[in-house]
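Working notes, beginning with the structure itself.
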Amino acid sequence: MAQRLIYFNSRDSLIRIDISNIVYFEGDGNYTYLVTANKMKSCLTLNLTHTEEALAAQLGKDAKGFMRVGKRFIVNMQYIYKVDVTKQTLILSDALHFVYQLPVSKEALNSVKELIVKTKI
């Protein structure tokens, strides 16, 4: 599979990354943290909504591989491992090198679950 690169530019840095290496984005006010499969965490000078817009603008139809989950996260759907509504956690993993547990509301998790069942991603 060919690399699909995305760029995030800020005043002091440029991040260039293959989208398959992005596990999730976490919003924190005016900033967003990009978390990768090799556990690197980078701070973007964009809020989560602007990050979502940058994904759509640069990736086009490939942006559908990312999903907004609640108010704080955008996740790469290929890494969704477990949706645990009762524990209010979304577990992202490649089942080999990493596991991330994200705290997510029951409503948001139910939406994720529905989408996965409906589209069989």
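- Here the side chains of Phe73 and Val104 are in contact, with some heavy-atom distance below 4.5 Å.
- Side-chain N or O atoms of Asn47 include one that pairs as donor or acceptor with a backbone N or O of His50 at under 3.5 Å.
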Subject >> Criterion side-chain contact (heavy atoms from CB on, under 4.5 Å) on Tyr81 and Val99, from CA distance to verdict >> reply: CA-CA 9 Å; Tyr81 174 74; Val99 175; over 6 Å; no
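- Shortest non-hydrogen contact noted between Leu115 and Met77 is CD2-SD, 4.0 Å.
- What you find for Ala56 and Ala63 is that their closest heavy atoms are CA-CB, 3.8 Å.
- Residues Leu109 and Tyr24 share a hydrophobic cluster, clusters being chains of Ile/Leu/Val/Met/Phe/Trp/Tyr side chains in contact below 4.5 Å.
- Within a 6.0 Å sphere centred on CG of Asp84, other residues, nucleotides and ligands contribute more than 12 heavy atoms.
- Minimum interatomic distance between Ala54 and Phe8 (heavy atoms only, all atoms of both residues): CB-CE2, 4.1 Å.
- To the nearest 0.5 Å, the span separating NZ on Lys82 from OG on Ser93 amounts to 12.0 Å.
- In plain terms, the two heavy atoms of Tyr79 and Ala37 that are nearest each other are OH-CB, 4.3 Å.
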**OP:** Mind running side-chain contact (heavy atoms from CB on, under 4.5 Å) on Val69 and Ile74 for me, showing each step along the way?
**Re:** CA-CA 6 Å; Val69 180; Ile74 297 171; over 6 Å; no
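- Remark: Lys64 NZ to Leu55 CG distance equals 14.0 Å, nearest 0.5 Å.
- The side chain to side chain donor-acceptor pair (under 3.5 Å) check on Asp62 picks up Arg4, with sequence neighbours excluded.
- Note that CD of Gln101 is 5.5 Å distant from OG1 of Thr89, once rounded to the nearest 0.5 Å.
- For Lys39, the side-chain contact (heavy atoms from CB on, under 4.5 Å) criterion is met by Phe98, Tyr100, not counting sequence neighbours.
- Each of Ile91, Leu92, Val23 was evaluated against Leu102; a single residue qualifies, Leu92, per the side-chain contact (heavy atoms from CB on, under 4.5 Å) test.
- The two residues Pro103 and Arg72 come nearest to each other via the heavy atoms CG-NH1, 3.9 Å.
- Transitive grouping of hydrophobic side chains (ILVMFWY, heavy atoms separated by less than 4.5 Å) keeps Leu44 and Tyr33 in distinct clusters.
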**OP:** May I have the step-by-step check of side-chain contact (heavy atoms from CB on, under 4.5 Å) for Phe66 and Val75, ending in yes or no?
**Re:** CA-CA 5 Å; Phe66 291 89; Val75 301; over 6 Å; no
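- The nearest pair of heavy atoms linking Leu46 to Thr32 is O-OG1, 2.8 Å.
- Rounded to the nearest 0.5 Å, atoms OG1 (Thr36) and NZ (Lys41) are 11.0 Å apart.
- Applying the salt bridge (Lys or Arg N to Asp or Glu O under 4.0 Å) test to pairs two or more places apart or on separate chains, those with a residue in residues 44-58 are Glu52-Arg68.
- Between Tyr7 and Leu14 there is a side-chain heavy-atom pair separated by less than 4.5 Å.
- We find the NZ-OG distance between Lys106 and Ser111 to be 14.0 Å, quoted to the nearest 0.5 Å.
- A 4.5 Å side-chain heavy-atom check between Lys113 and Val85 finds at least one atom pair inside the cut-off.
- Considering CD1 of Ile80 and CD1 of Ile116, their distance stands at 4.0 Å, rounded to 0.5 Å.
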Original post:
Does the pair Ile6 and Ile22 meet the rule for a side-chain contact (heavy atoms from CB on, under 4.5 Å), with working shown?
Top reply: CA-CA 10 Å; Ile6 188 166; Ile22 299 170; 4.0 Å; yes
